[in-house]
Amino acid sequence: VCRGVTILLMTLFSLTNRVSRVLSASKVFIPHRRIQFHGGSHPQGNKEPKAIQKQESWFVKVVCTLFVYSQPLDDACLSYLNNNLTPLIEFEVVKWLKNPTFGLKFLELSRLNLNINHSFWTYNLLIRSFCCMGLYGSARLVFDYMKIDGHLPDSTLLGFMISSFGRAGEFGMARKLLAEVQSDDVMVTIFAVNNLLNMMVKQNNLEEAVSLYKENLGLNFNPDTWTFNILIRGLCRVGKVDQAFEFFNDMRSFGCFPDIVTYNTIINGLCREYEVDRGHSLLNEIRLRDDCAPNVVTYTSVISGYCKLGKMEKASALFDEMMSSGTLPSVVTFNVLIDGFGKVGDMLSAKSLYEKMASFGCIPDVVTFTSLINGYCQIGDVNRSFQLWDAMKVKNVSPNVYTFAITINALCKENRLCEACRFLRELQCRNIVPKPFIFNPVIDGFCKAGNLDEANRIVAEMEKKKCDPDKVTFTILIIGHCMKGRMLKAISIFDKMLSVGCPPDYVTVRSLISCLLKAGMPKEAYRISTITS
C-alpha cells in the first residue's frame, strides 16, 4: 500500500502545475475579496495559525492536486491522508484552493472520511469568504459544522456574520444567529447588536429593530447611549416622537445619559411634527446641563421649526440668542431663515441675511439662491429673481430641479410661456433628471391658451427625456382637449392614462364625464363612469 501511495505521490508532481492553473482560474468566484486573517480573540486562545514549513507547503499542493483530479479518493489515499493531514495543513489546503466552494467540499470530505479535528481558522476563513460573496446559506452551513465539531465563534467572527447578514437585509438569519449563540453563552458585544439595530433602522425595519431590542433586554444585554440614539432616530424619522420619548425617559434606568446627539434627534423630531415649543423647552434644558451644551444643529432645528410655522419673530430671536451664546451659524441656519422670510414675503430681511453670510464664512449654495428666487417669485417680482440666476452663474453655483421648477411656474402664472420654454430648454441641456411637476405648468399654460399642439409637443419632449406624465399632466391634457371640443382625443388620453397604470382622481373623472355629457356623448360618459367605479 505504501509503495502504491509513493508512486501516486510521485506522479502528482507532474500535476501540481496544472492544478495551480485550475485554481488560479477559480479565483473568479471571489474577485477582489481574498480573505485574510482578521485577528481578534479566539475561544481556544490561538491568536493566529502558525506558518507551515517548506516541506509541508509541498504536501499542501499535493493534497489539493489529489482533491481536484482524483475524485473519488480510494481507500489507500484516504488512509494516507488520515495519517498525515493535520489541522494546520488542512487549513492551508482550504486557503490554497482559493475558492470557498472547493474549500467547503474539501471540509465536508474530510469531516466524513478523515479523523481530523478542524481548526477554528478553517471555519473562520470559509464563513468570511462566503459572506463576502453573498452566499449566506453556505456561510450558515459552515457555521453549523463549526458548532457540531465543538468550536464556538469569537466576538469578532460573530460581529462580522451579524453585520454581513444585516447589510444583505437577512435580518431573520441575523436574529436567529444571535439567539443561538446567546444560548451557548457566547459573548455578544454591544457593538454587534447596535450595528444590527442601525442597519434595521436604515433599511426601514423599525418595528423589527424595536422587537430585537426588547427581546435582548432579558439576555444580559446592556444597552448604551448609542443603542437609544439609534432607536430614537428611527422613531423620530417616521413621526413617532412620543414613542421616542419613552426610550428617552428609559435611558437613565439603564445607567445611560442622553448626549447632544440624543437631544438633537428628539428636538428635530419634535420640530418636524410642528411641536416646536416642546423642542425649544428641550433646548433650554440642555443649556442648564453641565455635561452637555446645545450646538448649531440644536439651534438650527428649532429655528427651522419656527420658520415652517411662519413665526419669524421667534426664529429671529432664537438666532440672536444663538449668536450671543457664542455658537456660530452654519449655511443651513442661514438657509432656513432666508427660506422662512421668503415665504412670508419679507424679502428685505431675507436679502439682509444673504448679505451677512460671507462675514460668518458661509458660502451661499443652491438652496440659498433657490430660497431667494422662490421668495421674489411669491411676491410677483420674477424679474428680480433673474438677477439671482445671474449671481449663481458668477459664483459657479449650478441650479437644481427646484430652482427651475419655481422659476418656470412663476413665469407661467404671468403667462410668459415663451420665457418658460427657454428655461425648459436650458434644463434639458443640464445633467438634471426632469420631473413632471416642471413641465405641467407650461403644458397647462398652453392648454388654457388654446395652443394644444404646443402642449402636445412639450409632452412628447417630456416622454423623450424618459419623464413619464403623471396624474396632473393627464388631467391637464384631458380638460384642455375637452375645452377645445376634441372629445375623442380626450377619451384617448384617458385610456392611455389607464393603460400606463396612472389612476385618475375624482377631478379627472368628473371633469371628463361632465364634458362628455355636455357634448352629447352619454354612452362614453357611462363607460368612463363604469370603468372608474
Side-chain angles (χ1 to χ4, degrees), residues 237 268 271-272 296-297 300-301 303-305 307-308 329-345 347 349-351 353-358 360-414 416-445 458-459 461-473:
R237 194 172 68 184
N268 186 54
C271 293
R272 284 175 63 181
V296 65
V297 176
T300 301
S301 294
I303 290 169
S304 177
C307 288
K308 286 174 182 174
S330 66
V331 175
V332 178
T333 317
F334 280 108
N335 285 349
V336 297
L337 281 164
I338 289 168
D339 185 62
F341 280 119
K343 282 177 178 172
V344 298
M347 292 311 296
S349 298
K351 187 74 185 299
L353 282 165
Y354 165 69
E355 290 168 350
K356 286 179 182 176
M357 290 180 73
F360 289 94
C362 296
I363 300 171
D365 58 14
V366 64
V367 178
T368 318
F369 285 107
T370 302
S371 297
L372 288 166
I373 288 168
N374 186 48
Y376 283 119
C377 288
Q378 283 196 342
I379 63 172
D381 196 351
V382 183
N383 291 335
R384 188 75 176 270
S385 73
F386 290 163
Q387 295 175 13
L388 291 161
W389 277 86
D390 295 336
M392 287 174 73
K393 288 178 184 175
V394 170
K395 294 179 182 294
N396 200 27
V397 176
S398 298
N400 62 22
V401 66
Y402 299 104
T403 324
F404 278 101
I406 289 164
T407 305
I408 289 169
N409 188 50
L411 287 168
C412 290
K413 283 181 179 178
E414 295 188 1
R416 296 161 67 173
L417 298 177
C418 291
E419 290 174 88
C421 286
R422 178 172 63 82
F423 276 95
L424 269 184
R425 287 192 293 273
E426 185 180 339
L427 168 71
Q428 291 167 18
C429 294
R430 292 180 178 267
N431 189 26
I432 296 175
V433 178
K435 301 289 182 182
F437 62 78
I438 300 177
F439 294 90
N440 288 340
V442 187
I443 297 166
D444 187 50
I458 290 171
V459 173
E461 271 195 31
M462 177 180 169
E463 292 176 323
K464 197 174 172 183
K465 295 290 181 182
K466 309 286 188 198
C467 180
D468 296 326
D470 63 5
K471 183 163 51 182
V472 177
T473 318

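All figures in this text were calculated on a predicted structure; none of them were measured in a lab.
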[X] side, atom [atom1]; [Y] side, atom [atom2] - distance, nearest 0.5 Å:
X: Tyr402; Y: Asn374; atom1: OH; atom2: CG; answer: 12.5 Å
X: Asn409; Y: Gln378; atom1: CG; atom2: CD; answer: 10.0 Å
X: Asn440; Y: Met462; atom1: CG; atom2: CE; answer: 5.5 Å
X: Ile408; Y: Arg422; atom1: CD1; atom2: CZ; answer: 10.0 Å
X: Thr300; Y: Leu337; atom1: OG1; atom2: CG; answer: 8.0 Å
X: Asp365; Y: Met392; atom1: CG; atom2: CE; answer: 9.5 Å

Check the orientation of Phe360 and Phe334. Use parallel for under 30°, tilted for 30 to 60°, and perpendicular for over 60°.
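Rings of Phe360 and Phe334: tilted, 30 to 60°.
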
Are any of the side-chain heavy atoms of [X] and [Y] separated by less than 4.5 Å?
X: Ile363; Y: Val331; value: no
X: Met357; Y: Ile338; value: yes
X: Leu424; Y: Phe439; value: yes
X: Tyr354; Y: Thr368; value: yes
X: Ser304; Y: Val332; value: no
X: Pro434; Y: Gln428; value: no
X: Cys467; Y: Pro436; value: yes
X: Ile379; Y: Tyr376; value: yes

Which pair of non-hydrogen atoms, one from [X] and one from [Y], has the smallest distance, and what is that distance?
X: Gly342; Y: Met347; answer: CA-SD, 3.7 Å
X: Ile373; Y: Ile406; answer: CG2-CG2, 4.2 Å
X: Cys307; Y: Gly340; answer: CB-CA, 4.1 Å
X: Cys421; Y: Val442; answer: SG-CG1, 3.9 Å

Can you name the salt bridge (charged side-chain N to carboxylate O under 4.0 Å, His left out) partners of Arg430, sequence neighbours left out?
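Here the qualifying residues are Glu426.
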
So, using salt bridge (charged side-chain N to carboxylate O under 4.0 Å, His left out) as the criterion, who are the partners of Asp339 when residues are at least two apart?
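Partners of Asp339 under the salt bridge (charged side-chain N to carboxylate O under 4.0 Å, His left out) test: Lys343.
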
Glu419 vs Val382, test: side chain to side chain contact (heavy atoms under 4.5 Å, CB included). Steps then yes/no.
CA-CA 11 Å; Glu419 290 174 88; Val382 183; over 6 Å; no

Would you say the side-chain atoms of Ser301 pair up with the backbone N or O of Val297, donor to acceptor, closer than 3.5 Å?
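A pair under 3.5 Å: yes.
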
Any donor-acceptor pair under 3.5 Å from Thr473 side chain to Asp470 backbone:
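Indeed, once roles are kept as given, a pair shorter than 3.5 Å links the two residues.
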
Check step by step if side chain to side chain contact (heavy atoms under 4.5 Å, CB included) holds for Lys465 and Val433.
CA-CA 9 Å; Lys465 295 290 181 182; Val433 178; over 6 Å; no

Partner of Leu427 by side-chain contact (heavy atoms from CB on, under 4.5 Å), out of Ile438, Thr407, Thr403
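The passing option is Ile438.
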
Applying side chain to side chain donor-acceptor pair (under 3.5 Å), run through Ser330 and Thr333 and close with a yes or a no.
CA-CA 5 Å; Ser330 66; Thr333 317; 3.1 Å; yes

